[in-house]
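To start, the structure itself, in structure tokens.
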Amino acid sequence: MQGMVETVDRLFVHARELVTLTDGPARGARRGAAMQDLGVIADGAIAVRGGRVVAVGTTDSIARDYRASIEHDLSGTVVLPGFVDGHTHPVFAATREDEFHMRCAGADYMAIAAAGGGILSSVRAVRAATEDELLARTMRIFDGFLAAGTTTIEGKSGYGLSVEDEVKSLRALTRARDSHPLDVVRTFLGAHEVPLEYRDRREAYVDLVIDEMLPAVVGLCEACDVFAEPGVFDLEQSRRILRAAKAAGLRLRIHADEIRPMGGAELAVELGADSADHLPQVSDAGIRALAGSDTTAVLLPGTSFYLGKPKHAPARALIDAGAAVALATDYNPGSCHTQSMPLIVTLACVLLHMGPAECIVASTINPAASLGLDADIGTLHPGKQADFVALDLPSHRGLGYVFGGNPTVATVKRGEPVWPKPR
Ligand code: NIG
Ligand code: FE
């Protein structure tokens, strides 16, 4: 007797390797040894209906059980769930290549910032830009994420640093999200730096963030972040801002223990934050705190590399202790100007000593879980969004190994090929 053949919208067939991540649970961050469970199918196929995965399997089995009027041939590619980039700063108005070359010539990132460059130069440009200008630029940047195989990002404001300019940034981000296939989790980062006009009254800026910015932005974002760093926002100022944000119903993320150690990781755990990000300077106590919590360690090796820092996040210690670890680009105009998760994976292998399966988990399901999106994305379990990327790689272990070019052959969002842009 012949089995029932089900009709779906599209079939994607003949992936050299289809990395489904279905060997592990559909939901939740994966830790330690569970970061090895990839669920790789040779000559893999995906059946899609209504933008969701109906089934994954070998091309033979999917072709036997499903029919569709549209069939895409993925021959020669390695297919992964779309990259989830859980830490980006995509709303800015001007690039900062001069500062990059100053650093390469020996200038220090924090010294440039203290002198009014760095983040503050991006603030001047954002304040001078209209919302429509920011929107147009952000849309192009979103295209760049799709081109790199990223299907979901977390995106922060933080180059406005006034009520009006933070609202303008988050409105531009929201409008870009609403008219672009990329999925975006929006984060308010009014506490990214103290603007020049508040340099001699820093507490007054903290009050402004809490009393005026938070109420103005709360409907325009899902989360709040703080650059918790000595000389920027200290531990108590960071705690005040994040507590107020939590009380306002926002989720929390923290730039923690990046340049100098400050206990940012411990603060993230104390407050129940979704993530503690950066972490090259995290203490042993911070590693233990993260390991015993649901706060994800979001590691940004592109930034420590690009700033020329000798010390990188202790990924091995974090993974071995049992912390939930994710990778992200930190895409921004200053400290890390790349949108490429494949490049970040190379840096994670070389500088953080992470293995290939760990890097894949840390670029898909783990960031999805840290953003609260793991019911819908991060693996190719049936029922999830059909978000995936087809890469020109010899095998899934070629991710990281191949570097410097863009291995992305096609990006598929909710079952629709979105890059290369359909003509
Ligand atoms: O994550 N460290 C603070 N924020 C960004 C840098 C932003 C910038 O330099 O414009 C970061 O690296
Ligand atoms: Fe950042």
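None of the values given here were measured: they were computed from a predicted structure. For ligands, and for the atoms within them, numbers begin at 1 and follow the listed sequence.
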*Heavy atom of the protein closest to atom 7 (C) of ligand 1 (residue, atom name, distance)*: Y159 OH, 3.3 Å
*For the Fe ion (ligand 2), find the closest N/O/S atom on H87 and give its atom name.*
NE2
_Is the ring pair F92/Y331 parallel, tilted or perpendicular, if the boundaries are 30 and 60 degrees?_
tilted
*Distance to 0.1 Å, residue and atom name: give those for the protein heavy atom nearest to atom 11 (C) of ligand 1.*
D330 OD2, 3.1 Å
*For D225, the option from H192, K156, R253 that meets side-chain hydrogen bond (donor to acceptor under 3.5 Å, both in side chains)*: K156
*Which N, O or S atom of D330 lies nearest to the Fe ion (ligand 2), by name*: OD1
_Less than 4.0 Å is my threshold; does some heavy atom of H192 fall inside it relative to ligand 1?_
yes
*asked:* Which residue is it: R52, R414, Q385? I am looking for the one with a side-chain hydrogen bond (donor to acceptor under 3.5 Å, both in side chains) to D376.
replied: R52
_Taking 4.0 angstrom as the limit and counting only heavy atoms of E258, give me the atoms of ligand 1 inside it, by number and element._
2 (N)
*Crowded around R171 CZ? As in, over 12 foreign heavy atoms under 6.0 Å?*
no
*Give a yes or no on whether E197 atom CD has more than 12 heavy-atom contacts from other residues, nucleotides or ligands under 6.0 Å away.*
yes
*Quick check: does H278 put an N/O/S atom under 2.8 Å from the Fe ion (ligand 2)?*
no
*R201 charged N/C atom sitting above Y198 aromatic ring, 6.0 Å / 45°*: yes
*Could you list the atoms of ligand 1 found under 4.0 angstrom from a heavy atom of H278?*
1 (O), 11 (C), 12 (O)
*Please state which part of E229 comes within less than 4.0 Å of ligand 1, counting heavy atoms only: side chain, backbone, both or neither.*
neither
_Side chain or backbone, does S122 bring an N or O within less than 3.5 Å of an N or O on ligand 1?_
no
*Do H255 and D277 have side-chain atoms, one donor and one acceptor, less than 3.5 Å apart?*
no
*Give the ring-plane orientation class for H89 versus Y159, where under 30° counts as parallel, over 60° as perpendicular and anything between as tilted.*
tilted
*Near H87, which atoms of ligand 1 are under 4.0 Å from a heavy atom of that residue?*
1 (O)
*So which protein heavy atom does atom 12 (O) of ligand 1 come closest to, and at what separation?*
S335 OG, 2.5 Å
*Which distance, rounded to the nearest 0.5 Å, do you find between the OG1 of T151 and the NZ of K413?*
4.5 Å
*Considering only protein heavy atoms, which is closest to atom 9 (O) of ligand 1, and at what distance to one decimal place?*
Y109 OH, 2.5 Å
_Report whether any nitrogen, oxygen or sulfur of D225 sits less than 2.8 Å from the Fe ion (ligand 2) (N, O or S, backbone or side chain)._
no
*Find the distance between CG (N366) and CE (M35) and round it off to the nearest 0.5 Å.*
5.0 Å
*Whether R96 lies under 4.0 Å from ligand 1, heavy atom*: yes
*Considering distance alone, does some N or O of T303 sit under 3.5 Å from an N or O of ligand 1?*
no
*Does the shortest distance from the Fe ion (ligand 2) to an N/O/S atom of C336 fall below 2.8 Å?*
no
_So for atom CZ, which belongs to R397, do other residues, nucleotides or ligands contribute more than 12 heavy atoms lying within a distance under 6.0 Å?_
no
